[in-house]
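Okay, structure first, notes after.
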Amino acid sequence: MRPLGTALGSLALLNVAMFWDTLIAPGSRVLGNPGADLAQHFLWWREFGFGELAKGNLALWNPYIFSGAPFFGNTQSALLYPLNWLFLALPLPLATNWSIALNTWLLGTFMFLWASRRGLHPFAAFVCGALMMFSAPYFLHVPAGHLNIVSLLPWIPLLFLAIDEWLASRRWIWCLIGMLAVAMQSLSGQPQYVYFSGLVAGGYALLRLLERREGRAVAAAGLLSFYAGGVLLAAVQLLVGVQAVEETIRSRPLPFQFAASFNFPPENLITFVVPGFFGDVTNQPYWGRWYLWEACGFIGVTALALALYGMAKAAMAGKRALIAVVAVALLLALGDATPLFRLLFDWLPLFDRFRGVGKFMFMAVLVLVLFAGYGLDQILRERAVPMRAVAIGGVIAIVLFIAASLIGKLDWNLVTTAVLATGQTYADMRTLSASQAFATLGLVIAGLTVCAAVCLALWARREPRAVFLLGALAIAEVFAFARIQRTTFGTTQVVIPELRDFLASHPGEYRILDLWNPNTAMSMRAFDAWGYDPGVTRRYAEFMQWSEGADPDTATNYLTFRRFHPLLSMLRVKYVVAVETNVMAIHLRELPALRRLELLGSYQVHRRRDEILRAMGQASFDPRREVILERKPDPVPVAAPTQGHASIIREGTDFIEVAAEVAAPSILLITDAWAPGWHAMPLQGSSQNRYELVPANYTLRAVALDRGKHRLRLEYAPSALYAGAVVSLLAWAAWIGAAIVLWRREKASRDG
């Protein structure tokens with residue numbers, strides 16, 4: 001227990017050294033970048049979701065963006081991920097920082113345990129844990145603000161540990177741990193990584209099974225139980241998530257080019273040695289293809305050398321399977337740069353629903369770090385570094401210095417022009433002037449690091465304890481890299497006080513269209529017609545795409561507003577908000593807007609999307625006077641001089657209660673986004689005993705009302721919620737019971 005406690009304590013100290021200034025009363029400072037996903041998305045999702053949960057409300061629907069969209073069913077809400085419960089107890093900035101720090105420590109811990117259980121020297125296993133914590137494929141998600149990815153990745157090494165231990169010992173406790181790892185991944189809110197890591201872990205498990213000669217059926221059944229049990233444990237999130245997917249743009253396959261985006265560019269393999277060759281987070285703006293956090297494989301030059309040495313020299317269980325994981329994950333990360341991507345896109349179920357295959361690089365690096373631990377462990381056991389390895393290291397250092405010299409003399413415009421010509425970079429041309437010197441500096445630093453490693457290796461031939469310094473150098477590399485890339489910002493920077501004050505002084509049921517940071521509407525309890533999230537409902541995204549003159553079939557959550565179609569008024573858009581980021585001043589463009597509830601006496605019926613949109617595009621269509629439905633309503637509305645009046649008497653995130661007095665049969669138009677999970681039901685005192693909620697104007701909601709007085713409740717209640725909750729509760733009860741029984745049996749066996 002002493003090596004375990006020492007290692008985990010040391011990993012915690014490294015973690016504190018990295019984050020200490022953000023963990024104690026940071027004020028409004030949070031880890032991340034003000035232009036990345038934390039500021040644009042996750043802060044406001046955590047504030048809204050856990051703010052509602054603290055009031056006893058599990059928010060199923062988000063009324064503040066996209067004119068309304070599923071919330072709990074959008075897995076990025078991550079309301080059930082245990083470490084996210086910090087947001088119930090701590091202020092938003094402090095909860096954010098502690099969440100990142102604790103998940104980072106978990107990653108190091110599980111990596112240490114995996115390496116340690118494989119028999120590595122405790123120090124070598126500790127180095128593995130530290131390397132993973134600060135490696136580029138993990139740590140760069142911190143400045144990127146990907147709270148869901150930071151939460152999910154720690155559970156992948158635990159999954160691999162459970163696979164190895166189950167195959168080695170056949171102890172059922174490891175099946176329970178495997179289920180836990182899968183469940184925590186599922187609850188953390190990043191379905192892409194769940195799917196991608198499942199492919200890699202499944203391939204690894206299959207290769208390990210093929211090594212066995214006996215008991216394959218039982219071993220395979222145990223491995224399958226990881227995902228079967230994990231799905232049952234997370235059923236409440238997964239079932240509601242699947243239902244929500246059917247309501248959103250995630251319900252259809254992605255276009256090939258969109259799915260192929262955000263791969264790991266082949267030229268970025270140089271980042272394994274020079275992480276800043278194409279720029280970084282804080283010093284030289286990244287100018288390579290796609291985004292840095294999915295296009296950098298840095299684990300340290302020393303660690304890479306140790307990994308290659310371990311791969312060549314160490315004897316280990318499942319070595320060929322581990323090498324295959326590295327090779328296949330690297331190929332998958334390269335995306336459409338290899339024919340494998342097209343093959344999987346066309347034939348592998350669900351592969352065409354995700355983009356960003358650069359995420360496979362984490363799995364490649366995970367195993368490379370394990371090999372680095374094996375390399376260090378081999379040196380610790382041999383008590384010397386072979387001269388051949390030292391000589392190779394010296395040659396590599398010379399090559400790096402020569403490369404630095406050549407880069408300095410190269411016509412750099414040829415390099416930058418080639419990258420920019422791909423159309424896959426977001427670089428600002430004004431930032432490229434210093435990029436050549438920065439790339440050269442990176443090569444020089446890599447060369448000097450290799451020289452330091454060679455010197456330590458030579459020293460270790462005379463003084464075996466110098467090997468510990470070699471491990472320390474490996475940690476120092478990635479720690480220094482991560483600390484340089486670590487950024488913070490104030491949450492006050494991303495909510496415009498002028499806009500908050502304007503909205504507070506102009507109350508109403510209207511929406512805004514914030515062209516700068518629409519998700520901040522959730523913090524201001526304002527209503528925005530757009531948002532920043534892939535969970536926008538499919539009908540709504542298609543309508544908005546059409547309103548901008550584009551093909552609805554190509555709708556995604558990315559849309560640039562230029563036309564500002566008159567039918568934005570149908571969505572209650574009253575103000576278009578533009579922000580001058582250099583002075584943080586707002587400019588408002590005022591539009592006419594419908595009310596939240598409208599009673600209409602005229603209607604059209606069109607059953608197909610394109611017919612509906614064509615009718616709405618006619619100059620004669622007035623959403624204040626008529627509504628387009630997809631079948632004939634019952635009762636049939638009758639136009640009258642006055643249709644009556646309707647008002648909201650009570651509402652929450654997931655429901656609206658309406659009182660209406662109708663002079664003639666009418667259509668009640670609710671100018672909020674439609675989704676199949678919405679239903680209407682009568683309340684006491686209503687003159688109508690049945691209501692049907694249907695799509696209106698393709699993307700909104702409508703209810704047919706007869707003449708008389710009405711009280712009705714519109715509620716978003718996905719049918720999968722209750723079934724999923726029952727399954728999860730039963731699964732957790734069974735899991736806890738099985739864990740207690742197995743623990744008692746093992747304790748009795750040890751005592752006996």
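Quick caveat, the model's predicted, so the values are computed rather than measured. Just so it is clear, the values below take in all heavy atoms, side chains as well, and ignore hydrogens, waters and symmetry mates. In this chain, residues are counted from 1 in sequence order.
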Residues forming a ring pair (Phe, Tyr, Trp, His ring centres under 6.0 Å) with Phe479, sequence neighbours excluded = Phe134
Side-chain ion pair, Arg118 and Asp164, N-O less than 4.0 Å | yes
Is the shortest distance from a Lys or Arg side-chain nitrogen in Glu267 or Arg289 to a carboxylate oxygen in the other one below 4.0 Å?
-> yes
Return the set of residues passing side chain to side chain donor-acceptor pair (under 3.5 Å) with [X] (not counting sequence neighbours), or none when no residue passes.
{"X": "Tyr309", "value": "Glu382"}
{"X": "His141", "value": "His146"}
{"X": "Arg388", "value": "none"}
{"X": "Arg486", "value": "Asp21"}

Side-chain donor/acceptor of Thr488 to backbone N/O of Leu31, under 3.5 Å =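 Here the side-chain-to-backbone pair does not exist.
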Does the Arg208 side chain pair with the main chain of Ile163, one donor and one acceptor, at a distance under 3.5 Å?
-> no
Assess the pair Phe341 and Phe351: is the distance between their ring centroids shorter than 6.0 Å?
-> yes
With a 3.5 Å cut-off and no angle check, do the side chains of Thr425 and Tyr286 form a donor-acceptor pair?
-> no
Within a radius of less than 6.0 Å around CH2 of Trp412, do more than 12 heavy atoms belonging to other residues, nucleotides or ligands occur?
-> yes
Under the salt bridge (charged side-chain N to carboxylate O under 4.0 Å, His left out) test, which residues partner Arg29, sequence neighbours left out?
-> none
